[in-house]
Amino acid sequence: MLLLSLPGHAQWKWRDKDGGVTVSDRPPPRDVADKDILSRPASARRASLSAAPSAASAASATSPAGDGKGPLDREVEARRRAAEQEQTAKAKADETRVAAQRTENCQRARSQISTLESGQRLARVNSKGEREMLDDKARADELAQARDAASANCR
């Protein structure tokens, strides 16, 4: 029974801004400095110890040791940098996708142009679902549209 009650006694103890000592089963507010936390539960110690090396390595990688920034400033800076990198990667992926679409549209337009210029009899399905043959005017209109698409997509 005694061993089962240990997690229930997890206590945080810290000094507040007025110098008073506060004891609680919940962690202190974020504005309490790490040096003012007097005791932590064992599970919090393990979590803070495992997070400390990664936070320290991230802090040393992002800024020099004597930059005068606190850990919160370095974390904000690292998150801002990560957001910028993510936005740059997203923009690059969008550019790649648009370029692939332009290439595909260019190939389709050139294929359509070569088909229309071949002189073969061509048919299309109208809005009623009927098949109709292209006359010279319809062929010229289709050719103009295909050339516009090619000039817009082929660069």
Side-chain angles (χ1 to χ4, degrees), residues 1-118 122 124-127 129 140-155:
M1 286 296 269
L2 186 60
L3 291 176
L4 293 176
S5 66
L6 279 177
H9 290 289
Q11 295 290 314
W12 287 87
K13 189 175 181 182
W14 68 90
R15 188 171 329 229
D16 59 14
K17 61 183 177 183
D18 299 326
V21 176
T22 305
V23 178
S24 175
D25 61 339
R26 296 180 182 224
R30 293 187 182 265
D31 62 342
V32 174
D34 201 33
K35 65 180 176 99
D36 291 333
I37 298 176
L38 304 174
S39 69
R40 304 168 192 239
S43 61
R45 279 190 208 110
R46 274 185 257 128
S48 67
L49 289 176
S50 64
S54 63
S57 65
S60 66
T62 58
S63 64
D67 65 354
K69 293 183 180 179
L72 185 60
D73 292 336
R74 287 191 293 265
E75 182 179 342
V76 168
E77 183 72 20
R79 286 185 181 183
R80 184 189 58 78
R81 235 182 268 123
E84 286 175 356
Q85 289 175 349
E86 182 179 334
Q87 187 176 12
T88 303
K90 185 178 179 182
K92 186 174 181 180
D94 287 344
E95 287 177 17
T96 303
R97 182 182 46 82
V98 168
Q101 287 175 345
R102 282 183 185 260
T103 302
E104 184 178 343
N105 290 342
C106 176
Q107 290 173 347
R108 286 181 182 178
R110 285 182 178 169
S111 174
Q112 181 73 4
I113 290 170
S114 65
T115 301
L116 290 167
E117 289 177 341
S118 70
L122 298 174
R124 66 177 169 196
V125 178
N126 64 15
S127 60
D141 291 344
E142 291 284 329
L143 188 57
Q145 287 178 356
R147 285 186 176 146
D148 288 344
S151 66
N153 292 298
C154 301
R155 295 182 185 170

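Note that the numbering runs from 1 along the sequence shown for the chain.
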Can you list the residues that meet the side chain to side chain contact (heavy atoms under 4.5 Å, CB included) rule with [X], with sequence neighbours excluded?
X    : answer
T115 : S111, L122
L38  : K13, R15, V21
D16  : D18, T22
A140 : none

Can you tell me how far CG of N153 sits from CD of Q101, rounded to the nearest 0.5 angstrom? 9.5 Å
Distance col, row R110:CZ vs C154:SG, nearest 0.5 angstrom, shows 4.0 Å
Nearest heavy-atom approach of P29 to W14 is CD-CZ2, 4.0 Å
Could you pull out the closest heavy-atom pair between A146 and A109, with the gap in Å? O-CB, 3.7 Å
With sequence neighbours excluded, residues passing side chain to side chain donor-acceptor pair (under 3.5 Å) with E104: R108
With sequence neighbours left out, the residues meeting side chain to side chain donor-acceptor pair (under 3.5 Å) with D31 are none
Give every residue pair that meets the side-chain hydrogen bond (donor to acceptor under 3.5 Å, both in side chains) criterion with at least one member in residues 140-152, sequence neighbours excluded. E117-R147, R124-E142, K137-D141
Among pairs that include at least one residue of residues 83-97, which meet side-chain hydrogen bond (donor to acceptor under 3.5 Å, both in side chains), considering only residues two or more places apart or in two chains? R80-E84
Going by the rule salt bridge (Lys or Arg N to Asp or Glu O under 4.0 Å), which residues pair with R30 if we only count those two or more places apart in sequence or in a different chain? none
Min side-chain heavy-atom separation W12-R26 under 4.5 Å: no
Is there a donor-acceptor pair closer than 3.5 Å between any side-chain N or O of R102 and the backbone N or O of A152? yes
